[in-house]
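Take a look at the structure below.
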Amino acid sequence: MPGQRHLFIPGPTNVPQAVRQAMDIAMEDHRSPEFPGFVLPLLQDLKRVFKTAQGTTFVFPGTGTLGWEAAIANTLSPGDVVLAARFGQFSHLWIELCRRHGLEVEVIDAAWGEGIPVERYAEALAADRAHRIKAVLACHNETATGVTSDIAAVRKALDAAGHPALLLVDGVSSIASIDFRMDEWGVDVAITGSQKGLMLPAGLAVVAVSPKALARREQAKLTRSYYDFAEMQRANKDGFFPYTPATTLLRGLRASLDLLFAEGLDNVFARHHRLAEGVRRAVAAWGLTLCAKAPKWHSDTVSAIVVPEGIDAAEVVKRAYARYGLSLGVGLSKVAGKVFRIAHLGDLNELMLVSALAGAEMTLRDLGAPVEAGSGVAVAEEYWRKTARPVELGKRQVA
Ligand SMILES: Cc1ncc(COP(=O)(O)O)c(C=O)c1O
């Protein structure tokens with residue numbers, strides 16, 4: 001197909017030109033005396049993305065899944081009880097991973113499309129007077145359903161119960177795109193991957209760990225080697241790694257952090273919100289609904305859109321790709337065939353998203369959905385036009 005393809009899956013996201021160029025380098029010596037001068041500020045600057053001053057940041061060659069595994073293996077022992085809510089494919093997969101490690105997971109099921117049921121967490125924590133629960137898992141942004149949960153409220157529930165459990169948070173599809181406040185929310189381990197808000201290829205698991213969680217390592221008996229925080233910390237202290245780091249991706253990470261800081265994290269979050277809001281308005285104009293059941297759960301990084309009766313969402317995704325070169329996210333597991341997803345995170349602007357909306361609209365019409373041509377695009381355009389910030393063109397400010 002001539003022309004460019006359009007990538008709107010929730011990771012990998014588009015990699016900015018500056019990041020691609022930063023990775024187009026000759027291989028370097030990761031044990032050279034110059035390497036720490038690059039690594040130490042990188043690990044330090046990563047803390048700004050997590051909004052942590054107290055935490056320690058780690059970068060492992062791996063993906064978000066490795067981050068899940070590192071979080072539990074460094075802090076828990078076989079048989080420990082973990083409290084977790086399941087309301088989408090990713091919250092489900094983390095629970096399954098915990099079980100494979102021999103943890104006892106107390107699962108609170110919620111409808112797919114809802115967020116973490118904080119009141120039920122509060123009840124479970126208050127009832128656990130013996131403090132059997134050693135960790136609380138929280139998926140900040142459930143990518144399968146486009147649902148963002150309130151992590152500050154989970155912290156409040158822990159504090160209200162006077163409960164000492166660790167708070168382990170999956171921020172794979174939120175961190176660097178949606179506001180995340182590790183210290184303020186008392187998060188003990190926060191996890192992300194390189195291929196989403198950090199705008200890199202897949203290949204890095206980025207984890208931030210509180211002093212409390214680091215101290216738990218002493219008692220934690222789960223087996224770990226590759227992703228042992230202590231091994232990593234020992235080498236990182238001097239700006240090195242215990243094994244061969246993914247140097248090219250680290251160079252890309254440096255460029256990506258520079259872009260995020262140049263834009264300003266708060267501006268990055270505001271941009272994501274504004275882009276997401278345009279998509280939500282388009283969905284409403286199509287006469288469709290989101291999988292997310294209430295505005296408080298609307299995700300600013302991904303919208304899962306429920307297809308009309310009689311339309312197979314998998315066909316939408318297949319046709320959008322084959323006919324228009326547009327990659328949309330498929331519905332996973334319980335919502336397979338029922339939703340398709342438009343991801344709106346990373347290196348993105350209004351006109352890029354117009355292509356996704358136009359492609360989704362054309363595909364829906366191709367498949368016989370009663371969607372009016374241009375209806376979603378029109379409302380998104382108007383919303384983005386009216387909410388645009390003035391831009392500098394030479395010396396002139398253009399509203
Ligand atoms: C919320 C969430 N958690 C965890 C993962 C797993 O991450 P990875 O695919 O990088 O292993 C994903 C992947 O999409 C995700 O969206």
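Note that ligands are numbered from 1 as they come in the structure, with each ligand's atoms numbered from 1 the same way.
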First locate atom CZ of R365, then atom OG1 of T363, and finally report the distance between them rounded to the nearest 0.5 Å. 11.5 Å
Has R251 got its NZ or CZ under 6.0 Å from the middle of the six-membered ring of F38, at an angle within 45 degrees of the ring axis? yes
For the residue pair F90 and W68, does the interplanar ring angle fall in the parallel (under 30°), tilted (30 to 60°) or perpendicular (over 60°) class? tilted
Tabulating one pair per line, provide the atom names and distances (0.1 Å) for every N/O atom of ligand 1 that is less than 3.5 Å from a protein N/O atom.
unit_1   : atom_1 : unit_2 : atom_2 : d
ligand 1 : 3 (N)  : D170   : OD1    : 3.4
ligand 1 : 3 (N)  : D170   : OD2    : 2.6
ligand 1 : 10 (O) : G64    : N      : 2.9
ligand 1 : 10 (O) : Q195   : NE2    : 2.8
ligand 1 : 11 (O) : T63    : OG1    : 2.6
ligand 1 : 11 (O) : G64    : N      : 3.3
ligand 1 : 11 (O) : T65    : N      : 2.9
ligand 1 : 11 (O) : T65    : OG1    : 2.5
ligand 1 : 14 (O) : K196   : NZ     : 2.6
ligand 1 : 16 (O) : T143   : OG1    : 2.5

Check: Y227 ring centre within less than 6.0 Å of F58 ring centre: no
Passing candidate, side-chain contact (heavy atoms from CB on, under 4.5 Å) with V154, options D159, V169, L167: L167
Is there a donor-acceptor pair closer than 3.5 Å between any side-chain N or O of T13 and the backbone N or O of L345? no
